[in-house]
Peer 1: 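Next up is a structure, given as structure tokens.
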Amino acid sequence: WVSVDGNGAYVALTNGLTSGGSGPVLTLLECERPTQASAPGGVTCFGRVRRIAKNEWLKLLPELNTYIKTQVALWVGTPAKVLAVLATDKDWSVRCWVARNTSTPAKVLAGLATDENASVRYYVAQNTSTPAKTLAVLATDKDANVRYYVAQNTSTPAKVLAVLATDENANVRYRVAGNTSTTAKTL
């Protein structure tokens with residue numbers, strides 16, 4: 001639970017099934033008086049509870065703790081605008097989860113590809129939704145691990161894989177050889 005300043009409410013994150021059983025949903029809940037349940041990690045809310053609409057999530061982001069932000073960032077149903085804001089979070093772990101999310105917009109992934117933290121770039125390089133142009137940029141990254149993940153990504157274009165096949169790092173070349181998108185000519 002996270003206290004939201006100014007309104008005496010608390011915000012929690014749930015990841016339950018929809019009432020129709022159609023699969024997992026992510027819901028931010030607002031509650032007046034949270035209490036810790038006896039089950040480990042469980043929280044029970046007494047009093048007024050309301051689901052917070054996705055269009056209200058942007059207002060709450062500054063108040064949420066890192067754990068809740070990472071959970072919001074990893075969910076494929078998170079709105080693009082929310083992912084764009086989370087991509088600029090000061091905590092690198094939040095940015096990593098945005099980079100891993102296959103629903104993250106191409107423009108946001110391109111921005112994360114230049115992140116100062118190499119771990120964020122690793123996840124952009126691994127994301128199968130990362131655009132070819134961004135993967136080509138990451139293929140020239142100074143960090144061999146970033147290039148390794150580009151070489152492993154099955155969405156990496158054959159032209160980029162051909163360049164990586166001559167990489168100075170043997171692990172990068174090994175991943176190119178194991179990538180199902182690598183052409184016979186490159187091998």
Side-chain angles (χ1 to χ4, degrees), residues 13 15 18 22-28 54-55 57-58 60-62 64 66-187:
L13 184 76
N15 192 5
T18 60
S22 61
V25 294
L26 189 71
T27 307
L28 289 175
K54 287 182 191 177
N55 63 359
W57 288 14
L58 282 173
L60 288 175
L61 287 180
L64 301 179
T66 298
Y67 174 75
I68 292 180
K69 287 180 187 179
T70 60
Q71 297 304 298
V72 171
L74 72 85
W75 185 51
V76 295
T78 298
K81 287 181 180 180
V82 173
L83 289 169
V85 171
L86 290 172
T88 63
D89 196 88
K90 67 182 178 193
D91 191 303
W92 65 271
S93 65
V94 174
R95 298 191 312 273
C96 281
W97 284 105
V98 174
R100 291 178 75 166
N101 189 328
T102 56
S103 296
T104 299
K107 186 175 181 180
V108 174
L109 289 170
L112 289 170
T114 62
D115 197 279
E116 65 192 33
N117 188 293
S119 294
V120 175
R121 298 192 314 274
Y122 299 162
Y123 288 116
V124 175
Q126 292 176 65
N127 190 328
T128 55
S129 296
T130 299
K133 187 175 180 180
T134 302
L135 289 169
V137 170
L138 288 169
T140 64
D141 197 281
K142 66 182 180 227
D143 189 311
N145 289 318
V146 173
R147 299 191 311 275
Y148 171 93
Y149 290 120
V150 172
Q152 178 179 292
N153 190 328
T154 55
S155 297
T156 301
K159 288 172 81 173
V160 174
L161 290 170
V163 171
L164 288 172
T166 63
D167 194 274
E168 65 187 39
N169 186 288
N171 290 326
V172 172
R173 295 190 309 269
Y174 176 78
R175 282 295 167 196
V176 170
N179 190 321
T180 56
S181 298
T182 303
T183 63
K185 181 179 177 183
T186 298
L187 294 174

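A quick note: this is a predicted structure, and the numbers were derived from the prediction, not measured.
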Peer 1: Quick one, S93 with T66, criterion side chain to side chain contact (heavy atoms under 4.5 Å, CB included). Give me CA distance, side-chain angles, the key distance, then yes/no.
Peer 2: CA-CA 8 Å; S93 65; T66 298; 3.6 Å; yes
Peer 1: Among T154, T156, L164, L187, find the one that has a side chain to side chain contact (heavy atoms under 4.5 Å, CB included) with T182.
Peer 2: L187
Peer 1: Where the side chain of N101 meets the backbone of A73, is there a donor-acceptor pair that is under 3.5 Å apart?
Peer 2: yes
Peer 1: Taking NZ, NE, NH1 and NH2 as the nitrogens, is one of them in D141 or R121 under 4.0 Å from a carboxylate oxygen of the other?
Peer 2: yes
Peer 1: Regarding D167 and R147, does a basic nitrogen lie under 4.0 Å from an acidic carboxylate oxygen?
Peer 2: yes
Peer 1: Taking all heavy atoms of V146 and all of A118, pick out the closest pair and write down the distance.
Peer 2: CG2-O, 4.3 Å
Peer 1: Got V94 and D91 here, is their nearest side-chain heavy-atom distance under 4.5 Å?
Peer 2: yes
Peer 1: Check whether any side-chain heavy atom of L83 lies under 4.5 Å from a side-chain heavy atom of P105, and answer yes or no.
Peer 2: yes
Peer 1: Would you name the heavy atoms of V120 and A99 that are closest together and state the gap between them?
Peer 2: O-CB, 3.7 Å
Peer 1: Between Q71 and W75, is the side chain to side chain contact (heavy atoms under 4.5 Å, CB included) condition met? List the steps.
Peer 2: CA-CA 6 Å; Q71 297 304 298; W75 185 51; over 6 Å; no
Peer 1: Give, for atom CG of L74 and atom SG of C96, the distance between the pair rounded to the nearest 0.5 Å.
Peer 2: 12.0 Å
Peer 1: Scan V124, L112, T70 and name whichever one has a side chain to side chain contact (heavy atoms under 4.5 Å, CB included) with V98.
Peer 2: L112
Peer 1: For the CZ atom of R95 and the NZ atom of K90, what is their distance to the nearest 0.5 Å?
Peer 2: 11.5 Å
Peer 1: Between R175 (side chain) and Y149 (backbone), is there a donor-acceptor pair under 3.5 Å?
Peer 2: no
Peer 1: Tell me, please, whether W97 has R100 positioned over its six-membered ring: NZ or CZ under 6.0 Å from the ring centre and within 45 degrees of its axis?
Peer 2: yes
Peer 1: From D89 CG over to L61 CG, what is the distance, rounded to the nearest 0.5 angstrom?
Peer 2: 8.5 Å
Peer 1: Does N145 form a side chain to side chain contact (heavy atoms under 4.5 Å, CB included) with Y122? I'd like the steps, not just the answer.
Peer 2: CA-CA 7 Å; N145 289 318; Y122 299 162; 3.4 Å; yes
Peer 1: Please find the pair of heavy atoms, one from A144 and one from V172, that lie closest to each other, and give the distance.
Peer 2: O-CG2, 3.6 Å
Peer 1: Do the non-hydrogen side-chain atoms of N179 and Q152 ever get within less than 4.5 Å of each other?
Peer 2: no
Peer 1: Return the minimal non-hydrogen interatomic distance between A151 and V176, and the atom names on each side.
Peer 2: CB-CG2, 3.6 Å
